[in-house]
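Notes follow once the structure below has been shown.
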Amino acid sequence: MEKYLKFLMENGADTAIKIESKSIVTAPWTIYRCQFGCNSYGKNHCCPPNVPTWDKTQQMIDCYSYGILFRCHDMNVVTPLAVKTARELFLDDYYKTIAFGCGSCEKCKICNPDFCNFPKETVPSMEACGIDVFATVRNNGLEIHTLKSKEEIPDYFGLVMVE
């Protein structure tokens, strides 16, 4: 795992840790927040209702023993880095790996309704798939809080499940 933690740190993460899958929290309320708080809801392939539901996500997480949780301070780095890390793991024969990014996909100005134009470059965010990011981050000993001013440095998280 050290190789992948180092890979994340060398490519934009400031924190990367191995976590147990049982520390990941899913909840139905996260989808509600997407539906009633985000302009991307229903408008792209990486947002609800076009992604796995929270209970399907929990079923997927239950197929794993651990994952890698990482933090970046630039939201635009998280999803591409999650995808690249999952690809590195796959090429190293960790065939059972999936990635979750952060935020809504911004690759296309208007999402193609029939198929994703960039299926090898993007994945849905943790929150879109029903992962309670705050609870998951805190369960793993990292700090996270809502921002109260524009001067605060934001934290964005990604997750790569691996077996």
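Numbering starts at 1 and runs along the sequence shown.
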Side chain to side chain, [X] and [Y], heavy atoms closer than 4.5 Å:
X: E10; Y: K6; answer: yes
X: Y41; Y: C47; answer: no
X: V83; Y: K120; answer: no
X: K43; Y: C111; answer: no
X: C108; Y: F118; answer: yes
X: N44; Y: N50; answer: no
X: V78; Y: F157; answer: no
X: T122; Y: C116; answer: yes

Any Lys/Arg nitrogen of E121 or K107 sitting under 4.0 Å from an Asp/Glu carboxylate oxygen of the other? yes
Check this for me: does any side-chain nitrogen of one of K22 and D62 sit under 4.0 Å from a carboxylate oxygen of the other? no
So if you build clusters from Ile, Leu, Val, Met, Phe, Trp, Tyr with side-chain heavy-atom gaps below 4.5 Å, do [X] and [Y] land together?
X: W54; Y: M60; value: no
X: L142; Y: F100; value: yes
X: I98; Y: Y66; value: no
X: I17; Y: L8; value: no

When you measure from the side chain of [X] to the backbone of [Y], do you find a donor-acceptor pair of N or O atoms at a distance under 3.5 Å?
X: T136; Y: V25; value: yes
X: E127; Y: G103; value: yes
X: H45; Y: N112; value: yes
X: R138; Y: E143; value: no
X: T85; Y: L81; value: yes
X: K96; Y: M161; value: no
X: T57; Y: C129; value: yes
X: S104; Y: S40; value: no
X: T97; Y: L89; value: no

Return yes if a side-chain donor-acceptor contact under 3.5 Å exists between S65 and E20, otherwise no. no
Test item: side-chain donor near acceptor, N76 and Y156, under 3.5 Å: no
What closest approach, in Å, do [X] and [Y] show between heavy atoms, and which atom pair accounts for it?
X: V51; Y: C46; result: CG1-C, 3.3 Å
X: A135; Y: D132; result: N-OD1, 3.0 Å
X: I31; Y: A128; result: CD1-O, 3.1 Å
X: M75; Y: C102; result: CG-SG, 3.8 Å
X: K56; Y: P52; result: CB-CB, 4.1 Å

Report the residue from Y4, Y94, F90 that forms a side-chain contact (heavy atoms from CB on, under 4.5 Å) with V162. Y94
Name the one of V160, V133, N140, I24 that satisfies side-chain contact (heavy atoms from CB on, under 4.5 Å) with L69? N140
Got a second to check how far [X]'s [atom1] is from [Y]'s [atom2], nearest 0.5 Å?
X: E163; Y: Y64; atom1: CD; atom2: OH; result: 8.0 Å
X: L159; Y: I131; atom1: CG; atom2: CD1; result: 5.5 Å
X: D155; Y: H73; atom1: CG; atom2: NE2; result: 5.5 Å
X: T79; Y: E106; atom1: OG1; atom2: CD; result: 10.0 Å

Between R71 and I144, is a side-chain contact (heavy atoms from CB on, under 4.5 Å) present by the stated rule, with each step listed? CA-CA 10 Å; R71 179 180 67 200; I144 186 172; over 6 Å; no
Steps toward side-chain contact (heavy atoms from CB on, under 4.5 Å) verdict (F7, K84): CA-CA 9 Å; F7 178 83; K84 287 178 191 171; 4.2 Å; yes
If you apply the rule side-chain contact (heavy atoms from CB on, under 4.5 Å), what do you find for I19 with I68, and how did you get there? CA-CA 6 Å; I19 65 169; I68 301 172; over 6 Å; no
Does atom CG (L147) have a neighbourhood of more than 12 heavy atoms from anything else shown, all under 6.0 Å? yes
Around atom CG of L91, are there more than 12 heavy atoms from other residues, nucleotides or ligands closer than 6.0 Å? yes
